[in-house]
Amino acid sequence: MAISETVFESPKLPPVYRRPQVLRLLILALLAEIGYAVLNISTMPIYLAAVPPEGTHLIPNGRGFGPSVIGLVLVAFLLAEAVFKSPMGHLADKFGPKTLMMVGPAISLFTTIVTLLLPNLGATPFEVLIFVLLRALDGIGAAMLWPAAFSAINEVVPDDERQQAMSWMNLCYMLGIALAFPLGGIANDLSGVKWAGLVLAGVLFLSVSLGVWKFIPRLKIHDHNALDQVDHGIQDFFRSIKQIPTYLLLSVVTFAGVGFPMAIFKLFPVDQFGYSETQIGLLILPAALIMAAASVPMSRFGERIGRIRAVHFGMGLCAAGMIVIASGAIIPILRQPWLLAVGGIPLGVGFLMAIPAWMANVSDIDPLRRGTNIGAVMTAQGLGAIIGAPIGAAMYEKLVPVGVQLGLGESFGRYSPFVGCAACLTFGWLLSLHILKEPKL
């Protein structure tokens with residue numbers, strides 16, 4: 001009796017994003033990143049810059065901090081996230097990702113509640129110190145979440161689909177940032193207070209912690225005997241430096257550029273164009289939707305052209321998009337709000353192409369150190385952002401009078417962080433062409 005050939009065929013799996021394990025991780029990652037971005041990027045700069053009204057209020061409606069101090073508070077978040085991502089990646093390798101994915105957002109829920117209830121102390125150094133410490137704790141929470149989430153999604157898909165899965169996780173990260181602006185802005189504008197976005201972030205953190213507890217299985221990725229042979233603590237990061245130096249160098253350079261406009265990104269359209277927070281969100285939303293639509297096609301295109309070429313092409317698009325935005329610093333006619341959206345399209349598409357290929361390569365270098373190496377790359381990204389963020393905030397504050405003296409107006413200083421970002425992204429692209437080569441056959 002002949003045996004049908006179909007007996008030996010493997011069942012066809014549904015698309016990556018439709019598999020229950022992957023879909024749950026993606027939804028929770030998206031909600032978590034919306035929470036972190038609403039808290040630290042969308043709401044926090046506006047909340048810290050707002051001058052609180054006279055009188056005593058249960059929840060202060062602003063803190064009256066200047067741009068340089070806001071940059072310092074944001075750096076505390078970035079520094080803690082960068083320092084702790086590598087060791088948290090190791091813990092994810094050793095104990096599995098569930099615990100870290102659950103505890104990280106819970107820590108951020110705590111910091112959000114304390115932020116809301118902290119009395120107005122008149123923008124004193126003590127109040128600034130408290131905010132720095134709160135954001136540092138918040139950074140530890142984020143450091144727990146993301147290496148564990150990336151490591152978890154790597155473990156639930158086959159090797160040949162890892163880059164595509166990475167692209168979906170990366171989409172959640174970037175889409176979460178993009179959606180945070182309209183969601184946080186609408187919350188603040190509708191409520192009439194500057195702290196409503198903080199409440200939204202807290203609700204999201206609570207939802208993520210409960211969702212991980214309920215829906216994510218407890219995975220033990222590797223056995224302890226194998227992991228006992230892997231270095232621990234700070235040695236993890238130094239071993240990753242030896243394994244993936246080019247990726248770490250590119251991470252620092254590229255994310256230094258990302259850091260330049262990070263602290264002022266929400267202040268810029270308010271000061272430059274007089275936009276409300278809702279208008280800012282609606283300006284960003286089209287680019288976010290284009291990113292969502294382009295995520296999977298860009299991932300597949302990256303797989304077809306190869307991971308190294310995907311990094312090259314993606315970073316080139318990022319540099320080109322930021323150059324368009326930064327040109328407003330010296331060309332007054334280009335100081336238009338719609339140019340932000342135009343430049344944001346290649347910027348977003350480029351990151352969608354480059355980062356999944358980047359992370360997929362890192363995850364394949366050493367399966368026993370997958371979470372550790374991903375954490376090391378994220379640490380390098382954070383260190384780069386730490387370099388860029390305070391410089392960009394200081395440029396925004398100090399170069400306005402310089403622009404007036406040069407005859408370029410106050411807009412020169414406001415656009416200057418985007419110039420720094422464009423320079424770093426361009427240098428990172430050129431660096432990637434030099435040090436990331438296709439393997440010789």
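Bear in mind the structure is a predicted one, so any value in this text is a computation, not a measurement.
Going from atom CG of Leu39 over to atom OG1 of Thr111 covers 5.5 Å, rounded to the nearest 0.5 Å. Note that CD1 of Ile331 and OH of Tyr415 are 11.0 Å apart. Values are rounded to the nearest 0.5 Å. We find the OG-CZ distance between Ser327 and Arg335 to be 10.0 Å, quoted to the nearest 0.5 Å. Once rounded to the nearest 0.5 Å, the distance linking OG1 of Thr278 with CG of Asn188 reads 8.5 Å. Residue Ser151 holds its OG atom at 14.5 Å from CE of Met88, rounded to the nearest 0.5 Å. Once rounded to the nearest 0.5 Å, the distance linking CG of Leu134 with OG1 of Thr112 reads 9.0 Å.
Contact detail for Met315 and Ser432: the closest heavy-atom pair is SD-CB, 4.0 Å. The nearest pair of heavy atoms linking Leu100 to Ala148 is CB-CB, 4.1 Å. Cys318 and Gly350 get closest at one heavy-atom pair: SG-C, 3.5 Å. Heavy atoms only, all atoms of each residue included: Ala187 and Ala196 are closest at O-CB, 3.4 Å. Considering every non-hydrogen atom in both Ser209 and Ala106, the closest pair reads OG-N, 3.2 Å. Closest approach of Ala136 to Ala80, counting heavy atoms only: O-CB, 3.1 Å.
Between Trp168 and Leu25 there is no side-chain heavy-atom pair separated by less than 4.5 Å. The shortest distance between side-chain heavy atoms of Arg24 and Ile216 falls below 4.5 Å. Side-chain contact check for Phe412 versus Val400: every heavy-atom pair is 4.5 Å or farther apart. By the 4.5 Å heavy-atom criterion applied to side chains, Ile46 and Leu267 are counted as neighbours. Proximity of Gln272 to Ser411: side-chain heavy atoms (C-beta onward) are separated by under 4.5 Å at one or more points. Side-chain contact between Thr115 and Arg135 is present, with heavy atoms from C-beta onward closer than 4.5 Å. Annotation: side chain of Phe265 is in contact with side chain of Phe181 (closest heavy-atom distance under 4.5 Å). Two residues are said to be in side-chain contact when any heavy atoms from C-beta on lie closer than 4.5 Å; Met44 and Leu198 meet this criterion.
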* How far apart are the C-alpha atoms of Ile153 and Leu26, what are their side-chain angles, what is the distance that settles it, and do they pass the side chain to side chain contact (heavy atoms under 4.5 Å, CB included) test? -> CA-CA 9 Å; Ile153 204 164; Leu26 293 175; 3.8 Å; yes
* Ser416 and Tyr396: side-chain hydrogen bond (donor to acceptor under 3.5 Å, both in side chains), yes or no, with the steps? -> CA-CA 6 Å; Ser416 61; Tyr396 188 85; over 6 Å; no
* side chain to side chain contact (heavy atoms under 4.5 Å, CB included) between Tyr36 and Leu145, worked out -> CA-CA 11 Å; Tyr36 281 113; Leu145 175 78; 3.9 Å; yes
* To do: Carefully, step by step, assess Leu183 and Leu200 under the rule side chain to side chain contact (heavy atoms under 4.5 Å, CB included).
  => CA-CA 9 Å; Leu183 293 176; Leu200 173 61; 4.1 Å; yes
* Asked: Please walk me through it: do Phe205 and Phe110 pass side chain to side chain contact (heavy atoms under 4.5 Å, CB included)?
  -> CA-CA 9 Å; Phe205 292 139; Phe110 168 76; over 6 Å; no
* Show your working on side-chain hydrogen bond (donor to acceptor under 3.5 Å, both in side chains) between Glu81 and Trp146 and close with a plain yes or no. => CA-CA 10 Å; Glu81 186 181 18; Trp146 279 108; 5.4 Å; no
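More than 12 heavy atoms of other residues, nucleotides or ligands shown are found within 6.0 angstrom of OH on Tyr275. Atom CH2 of Trp429 has 12 or fewer neighbouring heavy atoms from other residues, nucleotides or ligands inside a 6.0 Å radius.
Aromatic rings from Phe268 and Phe418 are positioned such that their centres are separated by under 6.0 Å.
No option in Ile264, Leu399, Ile391 other than Ile264 meets the side-chain contact (heavy atoms from CB on, under 4.5 Å) test with Pro417.
Not one N or O on the side chain of Thr254 forms a donor-acceptor pair closer than 3.5 Å with the backbone of Gly428. Side chain of Glu397 to backbone of Ala394: no donor-acceptor contact under 3.5 angstrom is found.
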